[in-house]
Structures are given as structure tokens and as C-alpha cells.
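A quick write-up on the structure given underneath.
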Amino acid sequence: MTTPRFSVAEIRQSFLDFYAARGHTVVPSSSLVPGNDPTLMFTNSGMVQFKDVFLGTDKRPYNRATSVQACLRAGGKHNDLENVGYTARHHTFFEMLGNWSFGDYFKRESIEWGWELLTKVYKLPAEKLLATVYHEDDEAYDIWTQVIGLPAERVIRIGDNKGGKYKSDNFWMMADTGPCGPCSEIFYDHGAHIPGGPPGSPDEDGDRFIEIWNHVFMQFDMKEDGSVVPLPAPCVDTGMGLERLAAILQHVHSNYEIDLFEALIKAAGRETGTSDLSHPSLKVIADHIRATSFLITDGVIPSNEGRGYVERRIVRRAIRHGYKLGQKTPFFYKLVPDLVAQMGDAYPKLKEQQEHIANTLRQEEERFFETLANGMEILDNALAGGKTTLAGEVAFKLHDTYGFPLDLTQDVARERDVQVDVDGFNAAMNQQKEQARAAGKFKMERALEYTGTATTFTGYDSLQESAKVLALYADGAAVNELKEGQNGVVVLDITPFYAESGGQVGDRGYVRGNGVLFRVQDTQKIKADVFGQHGVLEAGSLKVGDAVVAEVDVVLRAATTRNHSVTHLMHKALKETLGEHVQQKGSLVDEDKTRFDFVQNTPVTDAQIRQIEQLVNAEILSDSATEIRVMDIEAAKETGAMMLFGEKYGDTVRVVDIANSRELCGGTHVKRAGEIGLFKLVAESGVAAGVRRVEAITGQKALDYVQQLEATVSQAARTLKAPVAELQARLEAQLEHAKALEKEIAALKGKLASSQGDELLSQAADVNGIKVLAAKLEGADAKTLRDAMDKLKDKLGHAAIVLAAVDGDKVQLAAGVTKDLIGTIKAGELVNFVAQQVGGKGGGKPDMAMAGGTDATALPQALASVQAWVAERA
């Protein structure tokens, strides 16, 4: 029986269609960056986006789901990076086909549908399939043998093979405790001509029997003592590797032979000039273009820490393999259009961000190629001579100086059968960290301990509130009373003060009572639902239990609110102007400004800034009423509200509509867009690789800024005696005039130096047959010294020369040696000898060098010492 040849695109769609027809909701692939899971660096399986559902902390409007999930295993616990390019089935990026039941169907339906899809839709030969079950899972075993009809010899019971009860390849656990259960894996037999034995056998690691689909049955709750109790609503979680299935359906053994990789490998060969398409480096490049491009679409930019560091490692590994193929200039980014052609329909964000992805990769390539050649030379020399181990210090130098990640060095060393001293590398790394830590002055404050009731926040609707003091703190410790002049923290049962969150600073104001005045300088969260007002008690005595009135500074809150609301409009305008790749990477909103960091490779141009300002001010002029709705997170997503990258959202969120922007936000906002007033962008800069920063002002601040600019322009116009409208033309004319004068001055200096140079010829002394001249030129600059030096060398012939110029206390030095002498006398050494005597240092080429100094009084003696210095070397 011959199976049909499904393309990767057809497999994706047919899988989703199959389960959609059986009542499953098709859920889009989630980000490679898990939004609310600090335990994971990257999404490494299809169930990650449903983790909270399995834990019972989240509920979805559906109880059956299916998806094709983009996954990455290149960092942390799940790291396949070092195997990519060396095996048939390891990838950094891969796609996982999955279906889920949240307390709905269970083992029978899961197994029956899986079997139907594989044998009826994909038409895999039944005799080529076998299954594994947990050795105690009689239910799954009976379904396979009695319902499906799989022969008993092809249903393999897997015991506790990892040391302990429930420690088995066929028993899945989310963590040490919590949801868990048996699983049933489906394997495909590639045939007796491929080495390897069935699962559970001594040679199971061979390539003959390949796992393609795992059906996990979450039916127990694991307790701390290792016992399990049944879950009230058992769930199903399945995962099948798309690339593995495609290899089987397309009648090839290696994942790198499927249609998708075939196209990417051809593209890699084209860009590296490699005709041998079986070369393993092409597999690495083809794999890595997927991983790096998808990471960029999810906001991960190459950097030196965290996820950005993993991205940088993968990019640089691909570049190194291109370098190995002889490609010495940037090439990797040119594969992005080929990737989009293969996967853009299934993942529209790739199409939307194609230019941004290519630009990001190109910049990273250009940065790395600058140091790659030097680093490879050092590595080649270190690996030469038949060594079996590369010193950890060398590996660290490559990492620290040349940007070679450790695994890249290990990759090169592995190809030459050399081990890397990882312990030595770690020791060097730790030493550097300790030095940096010792040099730092950061001090972490002790967290406040609070066990009382939560704070009721009323600040969205009220800026003044009667309240009761629940707790007081001084010097980080709980106290019953604050006295006049003491700094402290006040916790109230009800507060209108907004606590710093989402980039918006905490409110300031006053807490007043009977003879009490506590000035609030900041508001921070002690816990997620407990607000602390930080400040100083300016009058009276404040005690726990006191009745007080909390008053927010109305002026500061209004200014901060304007800046926060305009941030939403600016974010939307940045996307419209620069592209959908724009994602927030950080923000700060206070009464003075809004500062916004975002993903962008290139500076924002003046024309783009003007367009952003026009878009935002048009929204403000619309004076639309702000609409704020509170709803559950899933309903909020369906509204199309923008969710900020890396932000953690609860089950209930605020959807804020300001003019035409819609975001999830817990901050304070204007009631109408017109309250924002004038919007002005005042700064744009780069803060990290691939991250730009803009600062903007609104309201009175913006008006003050424009009026100050107007005053500056008017003053400049008066100084130049020109109308404001003609200011640009007059400035250009003045600059041209200044340039002409500078040229004239330079020519005069040249003539002066030339005449002085002719006069100096007679001052040259003969030292062992060498003409030695050390002299000061009046009114000279660096260019004049160089020009005079060239002429004197030509006229003196066999000479060593030092020329100096003085401007106040500063000394400029030039040393020149004719080419026939540079074997014994170096201009760089000569100029450094003189410079050290006048408070400076310098160097340069053997025939010409420059230096500076700060002690003009020592110059005569320094010049006089030149003849003796030359005599020692002549």
C-alpha cells in the first residue's frame, strides 16, 4: 500500500479540519514567548497556552480545542540546539499538531479519532503502526487491542523505567505534584532496513521505530507523598510533530527531506553558493531561519541576555555555518522571502513583518561578521596542534570579546573532536560577574510584610476618599505609630491613590487627619491587591486605626493621565507609520512626559515623526469619548484589543477605547480625547539593538515647549537680522561663508608652515648619518603639522622628525620617519616618547604618528631629548 504525498500545508489544514468537524474549536498558534509563565523561556509544546486550564485557574468558552502550535526548543531545560544539523529529526523550531479535551471526551474517543486520522485520512498502513501504554493502564490497552483491533504484540506496555513509581516514559507529569496521568504513544515502523528496535527494547534509540503522536490522559492529581487521586474532570492532551508526520507521508526518512525543508535548503544553497544540497550546514541554516524569524515576529530581538541571547546564539550559529561554506558576507537575511513563501499563509505575521525580520537579521549579521573572522582565527589557532581540550579561558575570551556563544565554540570544537573545558569557562564567567557585582552599588530594599485585608481602589472615579489606616511602616518594619518628621509607608483600607503599574507612576498627594498631614511622595504595591502610600509625616502623629482623608494631587494626576492616554494613541500611530512589527518593550508615564520603548531596527525619521504627530493630534481633535469596559480576558481578545508584549493579565481586564485605539490597560485615562491637548514628540533614540525610544509631551508642557522653540527661532532670526521665514536660507549662507573662510585660513596656515619648514631645514642635526629635526611650528594645527611633515621628509631624505604646535596648555605632536629607517626607528615609539614628557601619550604607523599633551611648559626639554633618543637606536 502506498501512502499519498501530502504537502506540509495540506497536513496542517487537514488536521485542523478533521478535528473541527468533531466539535473542536480551532485555536491559533500562541506566541513563542509564553505570556504568563515565568517557568518557561519559550513555548515548547502545544499545551503551553492551555496550562492554566489544566491547573484549574482559567476557563475557556469551549471544552474541545485543536491547533497547530509553533514551538521552540533552544534554551533552558528543553534545548535541542546542539543536535540540529547532526540528526534526522532534531530542530530548534518545529510545529506541533494537537487536540485537547477539557473534561469532555477521554481515552476511547482520543485513540479512535487518532487512529481514524492516521489510517483513513492520511492512509498510513495499519501494519506499520504500533502503540505504547503505561503498564498499569488496562483501559488504554483494551481500547487498542479490542476496539481498534491492533495485535497484542504491537501494543507495548512500558513500566516504571525511570526509577520509582510513576517514573515512566509513558506517565506524564506537569510538575512534581498536580495534574498527571498515563500516555499512549503511536510509533511508525520505517522498516527492517533501518537499524533499531521497538520502544521498550534495548536498542529502542535506533531510527526504525519513530514516535509520531503522543496521547496524554490527565486523570490523576499527584500528591506530595507520591500518591495519586482521580481528577474530577479528566482531560486529554495530544501532540504530533508535523515534520515527522510529513516525512512519513512524503516517503522520506529525514525531516530535512520534506517539501518545506527542501525549499529552504535550496535557498540556503543559493545564498551560500553551495551546490551539494546534502551538506549538513545547509540543514542548520534552513532550520535556523525558521527559529530566528518566528522569534522576531514575537518581539524577541538579538541581545546579550535572556531570550534575546538565545536568538543571537541561533543567528550566529547559522552565520558560522555559512562562513564554513565560504560565505564571508551577510546572506542569512536573504532567506526570509523563501520562508514567507513556505509558511506565510499559515502564519500571517510572517508576511506582515517580512521586511522587519530581514532588517533585524541583516543588522545582526553585519555586526557579527565584523568580528567573526578574528574570532575564527583565534579559535583555529587554539584548536591546532592535535589538542584534545580547549581551555575554558580561551572559550570565555571568544565569548566576551568576539561574541562567540559557548555552544558555538563547542560546535566548532566538536567537528574537530576537541572537548571544551566548560568548568574553566564557567569559572571565568563567574569571576567576571563577581567583579561586576563588587563594582556595583545597587541595594535591594527589604519587602514589607503585610497580612491584612486588601486595599479597595477607588481612584478611577474619585480623587478624595475617607479611609482608615490599616498598617504603618518605618525603616521597612511595621510600627503602630508614625511621628512628625518620620518617613514611612501608610496602608489604607480604601484609597484613591493609583499604585505604580503598567508604566504609569504612582500618585502623589496628602493623607490628612485631626492635626495630621502625611505628604504622599509615591504609591507602590506591597502586594498585588495592597497599596502602600510612601512619604513623610509633616505634622502630627499618625496611628494604626486612625480615620483620615486621602487626597490625590489633582494637577499631577491630570497631567499623568493625559500622558498615559496619549501613549495608547502614539502606540497605534507608531504601528500605522512604521509597521505591525512595532511592539512595546517598556514605558514610563509621569506628569512630565511619556517615554515609550519599542521594537524597531532603524531610527524614526523626521518625516515619520511628523506623520506620527499628525495622526495622534487628529485623534485628539476628534474629541471622542473614552469608553472603558471590564470583561473576561477571552471576550477582550475577541474585541481585537491590543495586548502588550510580556504583560501579565488576569481573568478580568479593562478594555480601554480612546478615539480609534483599543488596548487592555489598568491605568488612569482622560474622559475625552480632547483633554489631552497638544501632542509633541520631543526625542527619539536607540536604547538597545533593535529597540528605539521616543519621548512625548502633552498639554501645557507641549505648549511651553513650542513657545520656547518659537522664542529660540525668533532670537536666532534677530541675531542674523533676517525674517523668520528666511532663517534657513540665511543660515546656509553664513555656513558657506564660514567654510570659505576656513579654507582660506587653512591655505594661509599651509603657506606659513611651508615657509617655516624651509627655515627649519637648516636646524636639522646629523646623528650617525640620520637627519634629526625636532621643532615647534607657530600657529599650526594637526593638518598643518602633517602637511609640513610630508614636505620635510621629502627634502631631508634620510630623517627622523618631530614637529609640535601649542594652543594654550595643549600640545599637538607629529612624528615622521622616512621609510628607509622604519626598520630601526618607529614613528609611533618616537612620538610616544615625546608625548609622555608633556603629559600625554600617543602612537601610530611606523612612518607617521600623532599624539597630544597637556603641559606646554615641558615642550622645549622634550624636543631637545629627541636627538639622544634617535642616537640610541641609530
Side-chain angles (χ1 to χ4, degrees), residues 72-94 195-196 205-207 253-256 261 265 268-269 272 274 276-292 302 309-328 331-332 365 368-369 371-429:
L72 193 83
R73 292 185 180 177
K77 178 182 176 182
H78 298 286
N79 186 356
D80 288 341
L81 182 60
E82 67 178 25
N83 294 314
V84 174
Y86 297 94
T87 69
R89 272 169 285 280
H90 276 103
H91 305 289
T92 51
F93 174 94
F94 63 97
D205 290 335
D207 280 344
H253 185 62
S254 168
N255 292 2
Y256 290 97
F261 272 110
I265 287 171
T272 59
T274 305
D276 178 10
L277 298 184
S278 65
H279 199 291
S281 287
L282 296 182
K283 297 177 185 178
V284 175
I285 295 167
D287 172 274
H288 290 5
I289 191 63
R290 296 207 302 169
T292 55
Y309 179 59
V310 176
E311 166 81 340
R312 173 160 285 170
R313 286 167 59 200
I314 301 173
V315 174
R316 293 188 170 185
R317 188 170 188 263
I319 297 169
R320 209 276 298 176
H321 277 274
Y323 190 89
K324 181 179 174 182
L325 294 172
Q327 186 60 39
K328 300 299 194 296
F331 70 95
F332 190 51
E365 281 192 271
F368 189 43
F369 265 112
T371 61
L372 180 60
N374 291 333
M376 284 300 297
E377 183 178 351
I378 290 175
L379 187 52
D380 286 339
N381 290 336
L383 294 173
K387 294 179 181 177
T388 58
T389 302
L390 178 70
E393 293 83 358
V394 176
F396 179 72
K397 179 182 179 182
L398 286 163
H399 158 80
D400 195 44
T401 307
Y402 296 100
F404 271 47
L406 175 61
D407 66 326
L408 182 57
T409 299
Q410 290 175 307
D411 211 21
V412 178
R414 187 188 305 114
E415 293 171 356
R416 308 184 193 187
D417 295 324
V418 175
Q419 296 291 319
V420 177
D421 176 16
V422 177
D423 291 340
F425 173 89
N426 291 333
M429 175 73 82

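There is a side-chain donor-acceptor pair under 3.5 Å between Asp276 and Ser278.
For Arg290, the salt bridge (charged side-chain N to carboxylate O under 4.0 Å, His left out) test picks out Glu95, Glu243, with sequence neighbours left out. In this structure Ala291 satisfies the side chain to side chain contact (heavy atoms under 4.5 Å, CB included) test together with Leu72, Thr92, Phe93, Ile314, sequence neighbours excluded. For Asp207, the side chain to side chain contact (heavy atoms under 4.5 Å, CB included) partners two or more places apart in sequence, or in a different chain, are Arg89, Ile194, Ile210, His253. Under the rule for a side chain to side chain contact (heavy atoms under 4.5 Å, CB included), the partners of Ala391 that lie at least two apart in sequence or sit in another chain are Glu393, Val394. Taking Phe368 as the reference, Phe404 meet the ring pair (Phe, Tyr, Trp, His ring centres under 6.0 Å) condition, with sequence neighbours excluded.
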Under the criterion side chain to side chain contact (heavy atoms under 4.5 Å, CB included), I'd like the reasoning laid out for Thr292 against Glu311: C-alpha separation, chi angles, the key distance, then a yes or no. CA-CA 6 Å; Thr292 55; Glu311 166 81 340; 3.6 Å; yes
Working note: Met429 + His399, criterion side chain to side chain contact (heavy atoms under 4.5 Å, CB included); need CA distance, chi angles, decisive distance, verdict. CA-CA 9 Å; Met429 175 73 82; His399 158 80; 3.2 Å; yes
Show, in sequence, the C-alpha distance, side-chain angles and deciding distance for Arg416 and Val412, and conclude whether the side chain to side chain contact (heavy atoms under 4.5 Å, CB included) test is met. CA-CA 7 Å; Arg416 308 184 193 187; Val412 178; 3.9 Å; yes
Tell me, with the steps shown, if Lys324 and Arg320 meet side chain to side chain contact (heavy atoms under 4.5 Å, CB included). CA-CA 6 Å; Lys324 181 179 174 182; Arg320 209 276 298 176; 3.7 Å; yes
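Between Phe261 and Tyr256, the ring planes lie tilted relative to each other; the angle falls in the 30° to 60° range.
In this structure, Phe331 and Glu365 approach most closely via the heavy-atom pair N-OE2, 2.8 Å. In plain terms, the two heavy atoms of Ile265 and Ala286 that are nearest each other are CG1-CB, 3.8 Å. Contact detail for Leu282 and Gly269: the closest heavy-atom pair is CD2-N, 3.8 Å. In terms of heavy-atom proximity, His321 sits nearest to Ser281 at ND1-OG, 2.8 Å.
Distance check, rounded to the nearest 0.5 Å: OG1 of Thr274 to CD of Gln327 gives 8.5 Å. Note that the CZ atom of Phe332 and the CD1 atom of Ile285 stand 7.5 Å from one another [nearest 0.5 Å]. Here the NE2-NZ distance, from His90 to Lys283, works out to 13.5 Å after rounding to the nearest 0.5 Å. Considering CZ of Phe396 and CG of Asn426, their distance stands at 10.5 Å, rounded to 0.5 Å.
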Would you mind writing out the side-chain donor-acceptor pairs for residues 418-425 within the sub-3.5 Å range, not counting sequence neighbours?
residue, atom, partner, partner atom, Å
Asp421, OD1, Asp423, N, 3.4
Asp421, OD1, Gly424, N, 3.0

